[in-house]
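Throughout, protein chains are lettered first and strands after them, A, B, ... in sequence-line order, and every chain is numbered starting at 1. What you are looking at is a predicted structure, and each value in this text was computed from that prediction instead of being measured. Hydrogens, waters and symmetry mates play no part in the numbers below; they use all other heavy atoms, side chains included.
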Amino acid sequence: MKNYILLFSLCTNLYLHASANQHMLKANRDLTEVIMHDIFSPPVASRIYAYANIAAYETIMSGSKQYNSYAGQLKGLTPHSIKLPAAAHLEVASLAAFYYTAQAFVFSEKNMDSLLTQNIGTIKGKYDLDSSIYFGKMIANHIITWAKTDGYITTRSKPRYTYYDEPGKWMPTPPEYMDAIEPYWPQLRTMAIDSASQFRPEPPQAFNLDNNGPFFFLAKEVYTIHASLNDSLIAIANHWDCNPFALHPTGHFLVSTKKITPGGHWIGITGVLLKQLNANFEQATYAFSKVSIALFDAFISCWDAKFHYNYIRPVTAITQLIDENWKSYLQTPPFPEYTSGHSVVSGAASTVLNKIFGQNTTFVDTVEQDFGLPPRKFNSFDDAANEASESRIIGGIHFREAVVNGLAQGRLIGETINERLYLINH
Amino acid sequence: MISRILTLILCFSTPSSVYASSPLFSLVDPANSNVQFNNKLTESESLNILTYEYFYNGGGVAAGDINNDGLCDLIFTGNMVSPKLYLNKGNFKFQDITNFASINTTNAWRTGVSMADVNADGWLDIYICKSGKYNGALRQNELYINNRDLTFSESAKKFGLADSSYSTQAAFFDFDKDGDLDCYLLNHNVQTFKNFDIATMRSQRDPLAGDKLFENRNGYFNDISEAAGIKGSAIGFGLGIAIADFNNDGWEDIYICNDYTEPDYLYINKKNGTFVDSLSFYMGHTSQFSMGCDAADVNNDGLPDLITVDMLPEDNFRQKLMRGPAAFDKYQMQVKYGYHHQVMRNNFHLNNGRGVFLEIGQMANISNTDWSWAPLFADFNHDGLKDLFITNGYPRNYINMDFMKYTYEDAKAIARNNKESIKLLDVVQQIPPIEVANYLFSNKNGWSFQNISSESGFSNPITSNGAIYADLDNDGDLDLVTNNINSVASIHQNNTNDANFIKIKLQSATNNTYAYGAKVAIENEKNSYHLHQQPCRGFQSSVAPILHAGVAPGKYQITVTWPDGTTQKIINIANGSSLTIDQDLKKREMHLPPESSYISFDTLDFIHKENTYIDFKREPLLPHFKSICSPHITTGDINNDGLIDFFITNAAGGRSQLMIQNKDGLFESIDEPFNMDSLAEDAEAAIVDVNHDQLLDIIIAAGSYEFSDIDPRRNHKIYVNKGNNQFDSATNLPTIKNTTSSCITSADIDRDGDDDLFIGSAAIPGSYGAIPQSLLLINDHGQFMVDTTRMNTLVGMVNDAVFHDMDCDGWPDLIVATEWGPIKYYRNNHSKLEAQEMNGLSHLNGWWNTIHICDVNNDGYADIIAGNKGENEQWKVTDAEPLRLYVNDFDNNGAIDPIMTYYINHQEELMPSRDELLDQIVPLRKKYIYYAAYAKASINNTFSEAQLKNLQIRSCNQMKSGYFLSSKGNTFTFIPFSFEAQAAPINAITSADINGDDFPEIIIAGNNEHVRAEMGRNDAMPGYIVANDSGALTLFKSLNLKGECRSLSTLKVGKKLKLIIGINNRQTLSLPLNKSLLN
């Protein structure tokens, strides 16, 4: 019922800020391009999206009676005491907050200034640029200071991950046998959920070599699906691949392809919906920030499971049990299998989007279009999340348990965020 | 002062005189030679590097006299262009007779070429290999039989050699000594495999990718690969083959270079028609992406040495573009799955005889020659030592992390913005080539080389692949020919103008008419030179079957060992001779090579077990593990039975043991109570009577790198001897928090009648480069008290320490070996240990691993034998260009960031790759997004002045091991060991007078298996007994030890002296020491 109210409130505002959402869409798209270029892993990318979008939201809500601050609602975030300059343009300030926050986290920081200038260049009307930028920057600093206490920095000097050389445990995977990334991500402070381990799922099926055992059954399913790949399955796998860095070795020739991260994909879907509904600037910052918080907590929760269970990847298991020449269709990313990252974040993001846009919102996912993949139509966010999860089995990088339990784990996170964050006054 | 000026003048005058003379080689103008062959590659949509991964491997060249007119002719293969056959008309004039000769190869990807008299008629035939993704019929290799009239007939089918494998090269040789030529066909695959876990596939034969061995039976070549034990898996990427008698048993063995993951093979001839791959027995490690190779006797000791070439560039910029993240886990997995130890650089394996090859490529200055193809050993400058020529280059420089990570996707992003699309091939075609001049190295002394490329006529950047040497103008010296990509082939004329050579043509009476496999020794009283007749060398090429040696002027005896094992001697051959030796079946003598004598060790009942802790996980920039500190052997008569016992330490997870000698001279293990503490890391034990009960107690210094600060296993401990081989369980001794110890030594430093202790700290775990506090414990009636008044215990990163009265004043002094510092001398001044600046000692900073004190020259004053890192590394240190360690918390995150630097081409460069440094110092990720930017990084342009504020700099100006001769304990003179002992770190030293001349022989051992993956293992230290000739340590006798030896000790067993050898992660060995070891 609440969803209808929300939709209604979105509609009533439409005429006020026709297509004003384009600025936040562009901001997130710019950030996605930089994240791709700089090659951030999915969890680290989710952290950048979250802080940048929260900064944008915290700026825009400074002038709003309708929206509440995240301060006091997200762990460790205190209210700021920065005075809004009278001549400041809130949207310009909000964009400034977004780009300056992002700048602190990305590597290609020089690009951020020019992208900001480009973005605000299309904002019409009379306003004082300096005070707008100043205000945005101050909010950005507030958010960056908060971010510094989230544990990220201390995880940088932790010992590197040593894989367990034991049956059933994760070990580096072909082709490049990279070390596991971000083993200490669960030590980051969650934003809305209680802790990294709050939604830790049950242990996965115990590994064994028995040809009739339940583990073999899981491996066999991935193997069988792989053997019967067709165009429609491949389309699903490609659409949700979301591997920010896949290496393609041909002899000594090594080239990588980059895609948006799973988080980036859901940020993209949020943008598609905002555009579809012609939402205004406030609504855009609200939706982006809330989704990105869901993504942030989802990655922490998922990484908790991954480095708690340190579970074996299908490529390792199948080459041991069934066919030593087996290769997964999608490249296996470098971290343990259980639970599936894409399943957890898709579960969390879709649940938050349900609340923002309504449970049965149909949409065309055009996010991958710019990257050469056709659009896909979905009848609901849940459908999209289900398909994203299924894509991991099709792609041969997850077993069914990681996907089913991961999706459930993500939905619990999404529901918790929906319950806990009180942002719109009605 | 005068002498210094003189040196200066000499320095300036030497190069100018070099430049005054003409270069060793000069390029022959193709317009004059008429050799216009050009291996032109044309990239197309269907055929390019993306569709065929060996698109840029290039062609080969073969040399031989096809018309028996005494002039060496040439044939070049082109990948996409037809081969060309050139008839040598003399004086560097050639005639293209390809068409006349009917060399019409099918249009597949042509690779290697060989010349051999396949049909045994005395005329050289030509065999051309082919590869590529064509149908098999097109890819069949071709055999051109010489019609003796400058024409050839393709007859591969008739001989059984029309094989359609993906072939690289064929080598003809007589492996079964039946007097005809057999053939090893070197093959590769055309698709990459990246999965390590493929045991089944590796054990199966791939009919197109696997190597093949053909046995010649009455003129027909039969594939006997499987029966002969030749591996033929789909992941064999054979790029190089060297045939030689590697184990010196008179039979031809085979070395195969494999690209990518599959290790190289060393096939030892079993003398029964089969081979066995014995690589890991003979070689500790190999090149990783092995390409071409050559086997030849480089140090004139009669044994074939080996070089394999790889891809490591010489300059820092290109190295830094290539190197990504540290890959220790990947490396370990590779080893675990059976791919042996491989490291990306040229490997030079010096044949030490007795089954040991010592890889000394770095020390020999020939490890880094960029993307290399053909190495060729030959004496180009007639100084009696074979020099080394290496071709290199690659048409597209995509071994570049910026390309891998950014170029294609950046181009795609731009295209995306412009609503365009872009193909990978378009991007690839924009990549510039690696054009590096080919390398020529002059052999200085049998094991080390000097780069003389630019002054010898090789300064032109060019992409060269196959190469040969041959005396094209019959002036007695070897000219060089290279096959180049997209450029005319190069003929380099050798300008040597002397008669310091001997050329030999062999004519066998068998069907192996050119006597492939014959060995030739050219000897007189002063010199000996050794050659092996096998033209297939380098890469995809075959040299002329005329043997050439540079020799000192004089008369020589020549001994030919024919392939059948018979020998024939010719005497009184003067330098400057070119001779033909016909096999004289009447005069033949059977010559059996001497049986290799192996030293046989006894095993002791103690197996050291190292744990799997990986120090690099904690400190990614460490140069080597600091957690390895055992086994260590300490001797003493524990049970007062007059027989010497010993205690040996073990790593965490393994049990240290007390070994009690019984009347039969055997050692029995006492386990209790030491087995209670097996989870502790015992570094070294001291055996002393702590409590004056006439029983020796055991005190353990704890190594504790892998433990947390509060872990009780960090404590040093004492086991009190209760008699009858019984001990109390351990009690703790005072321990310094947050350090890991390496050593313990005892002496009565205050002369109060009981032994005091010094425990040396090696490091502060997690803070490599910071100086830890060591520990002085004074014995006060059986209680050890920490003493900080008698010495400043901030000694350094201590690896070893010994108390000894160096100045013979009756007070034991303390000598300490430090890492990133000198050997320190603490003079005992009436129980105060005062650090002394010691002439000849204090200014030599190294990675001193171990010291041993004994009187080398019998002058009554103890000398110091010292084990250092050695010189077989990427760096060479001098006072002006030391190794440095910058120690600081650059990013203020509470962790020390130790950054090592060394000099490359006189420029100080950072050791870590971009990814390694950025992993350690996260804020730098914003500064060094691109590898090209990092490739220019130095300490000063990387860090701000503020970041450099608390910087500590350590440096090393001496990496050699050697001995310090004491002059009355006051000054020292450092005498480095000879080169054998510099090939790897020395960790263990002991001494004993083995030959009874009252001068102690020195025994040294070492190696380091716990090093960075990209640097590779230090495994060229087989252990040596060093004979002491009245105070001079010169003669090195190899012990042929394998593994990382950490401790050596001698003790009397009965009347005999025995050496006890403690090796990390291996069984403890013993060896009776007697005179015969010095023979």
Chemist: Check whether any side-chain heavy atom of Pro172(A) sits under 4.5 Å from a side-chain heavy atom of Lys330(B), and report yes or no.
Modeler: no
Chemist: Quick test of your reading of the model: are Lys258(A) and Glu409(B) salt-bridged, counting only N-O distances below 4.0 Å?
Modeler: no
Chemist: Need one label for Gln369(A): side chain, backbone, both or neither, based on atoms under 4.5 Å from any heavy atom in chain B.
Modeler: neither
Chemist: Would you call Lys194(B) and Lys327(A) a side-chain contact if the rule is heavy atoms closer than 4.5 Å?
Modeler: no
Chemist: If you count heavy-atom pairs under 4.5 Å between each of Val106(A), Thr173(A), Ile153(A) and chain B, which one has the most?
Modeler: Val106(A)
Chemist: Can you tell me if Lys275(A) has over 12 outside heavy atoms packed within less than 6.0 Å of its NZ?
Modeler: no
Chemist: Please report the interatomic distance OG1(Thr154(A)) to CG(Asn893(B)), rounded to the nearest 0.5 Å.
Modeler: 9.5 Å
Chemist: Supply the atom-to-atom distance Phe107(A) CZ to Arg925(B) CZ, rounded to the nearest 0.5 angstrom.
Modeler: 5.0 Å
Chemist: Would the Tyr930(B) and His37(A) ring centres measure less than 6.0 Å apart?
Modeler: yes
Chemist: Against chain B, label Asp370(A) side chain, backbone, both or neither, depending on which of its atoms sit under 4.5 Å from a heavy atom there.
Modeler: both
Chemist: If you count heavy-atom pairs under 4.5 Å with chain A, which of Ser421(B), Gly894(B), Pro620(B), Pro325(B) comes out on top?
Modeler: Pro620(B)
Chemist: Is chain A contacted by the side chain of Asn195(B), its backbone, both, or neither, given a heavy-atom distance below 4.5 Å?
Modeler: both
Chemist: For Thr250(A) and Thr192(B), which heavy atoms make the closest approach, and how far apart are they?
Modeler: C-OG1, 3.6 Å
Chemist: So do Thr257(A) and Lys412(B) actually touch side chain to side chain, heavy atoms under 4.5 Å?
Modeler: yes
Chemist: Contact part of Asp919(B) toward chain A, heavy-atom cut-off under 4.5 Å: side chain, backbone, both or neither?
Modeler: both
Chemist: Go through the atoms of Val428(B) and report whether side chain, backbone, both or neither lie under 4.5 Å from a heavy atom of chain A.
Modeler: side chain
Chemist: I'd like to know which of Ile614(B), Val190(B), Asp259(B) tops the heavy-atom pair count under 4.5 Å against chain A.
Modeler: Asp259(B)
Chemist: I'd like to know which of Ala199(B), Gly324(B), Ala413(B) tops the heavy-atom pair count under 4.5 Å against chain A.
Modeler: Ala199(B)
Chemist: Can you say whether Ile39(A) sits under 4.5 Å from chain B via the side chain, the backbone, both, or neither, judging by heavy atoms?
Modeler: side chain
Chemist: Looking at Gly372(A), Ser157(A), Ser108(A), Pro175(A), which has the largest count of heavy-atom pairs under 4.5 Å with chain B?
Modeler: Pro175(A)
Chemist: Look at the rings of Tyr177(A) and Phe196(B) and say which category their plane angle falls in: under 30° parallel, 30 to 60° tilted, over 60° perpendicular.
Modeler: parallel
Chemist: So do the side chains of Arg160(A) and Phe328(B) get within less than 4.5 Å of each other, counting heavy atoms only?
Modeler: no
Chemist: Look at Tyr406(B), Tyr928(B), Tyr408(B) and state which one has the largest set of heavy-atom pairs under 4.5 Å with chain A.
Modeler: Tyr406(B)
Chemist: May I ask you to name which of Phe237(B), Phe289(B), Tyr54(B), Phe193(B) has the most heavy-atom pairs under 4.5 Å with chain A?
Modeler: Phe289(B)
Chemist: Please classify the contact of Tyr161(A) with chain B as side chain, backbone, both or neither, using a heavy-atom distance under 4.5 Å.
Modeler: backbone
Chemist: About how many Å separate OG of Ser256(A) and CE of Met404(B), when rounded to the nearest 0.5 Å?
Modeler: 6.5 Å
Chemist: Ring centres under 6.0 Å, that's the criterion: do Phe403(B) and Phe253(A) meet it?
Modeler: yes
Chemist: Does any non-hydrogen side-chain atom of Thr316(A) lie less than 4.5 Å from one of Asp197(B)?
Modeler: no
Chemist: To the nearest 0.5 Å, what is the distance between NZ on Lys617(B) and OH on Tyr163(A)?
Modeler: 8.5 Å
Chemist: Aromatic contact between His252(A) and Tyr394(B), with the criterion being ring centroids under 6.0 Å apart: yes or no?
Modeler: no
Chemist: Any luck finding a side-chain donor-acceptor pair between Glu324(A) and Thr200(B) under 3.5 Å?
Modeler: yes
Chemist: Can you tell me which portion of Met178(A) sits under 4.5 Å from chain B's heavy atoms? Options are side chain, backbone, both or neither.
Modeler: neither
Chemist: Under 4.5 Å heavy-atom distance to chain A, tell me which part of Leu50(B) shows up: side chain, backbone, both or neither.
Modeler: both
Chemist: If you count every heavy atom of other residues, nucleotides or ligands that lies below 6.0 Å from Lys148(A) atom NZ, does the total exceed 12?
Modeler: no
Chemist: Can you find a heavy atom in the side chain of Met171(A) that is under 4.5 Å from one in the side chain of Lys336(B)?
Modeler: yes
Chemist: Flag the pair Asn325(A) / Ile198(B) as yes when at least one side-chain heavy-atom distance between them is below 4.5 Å, and no otherwise.
Modeler: yes
Chemist: Under a 4.5 Å heavy-atom cutoff, which of Met311(B), Glu619(B), Gln920(B), Gln191(B) has the most pairs with chain A?
Modeler: Met311(B)
Chemist: Name the option with the most non-hydrogen atom pairs under 4.5 Å to chain B; the candidates are Met36(A), Glu176(A), Arg156(A).
Modeler: Glu176(A)
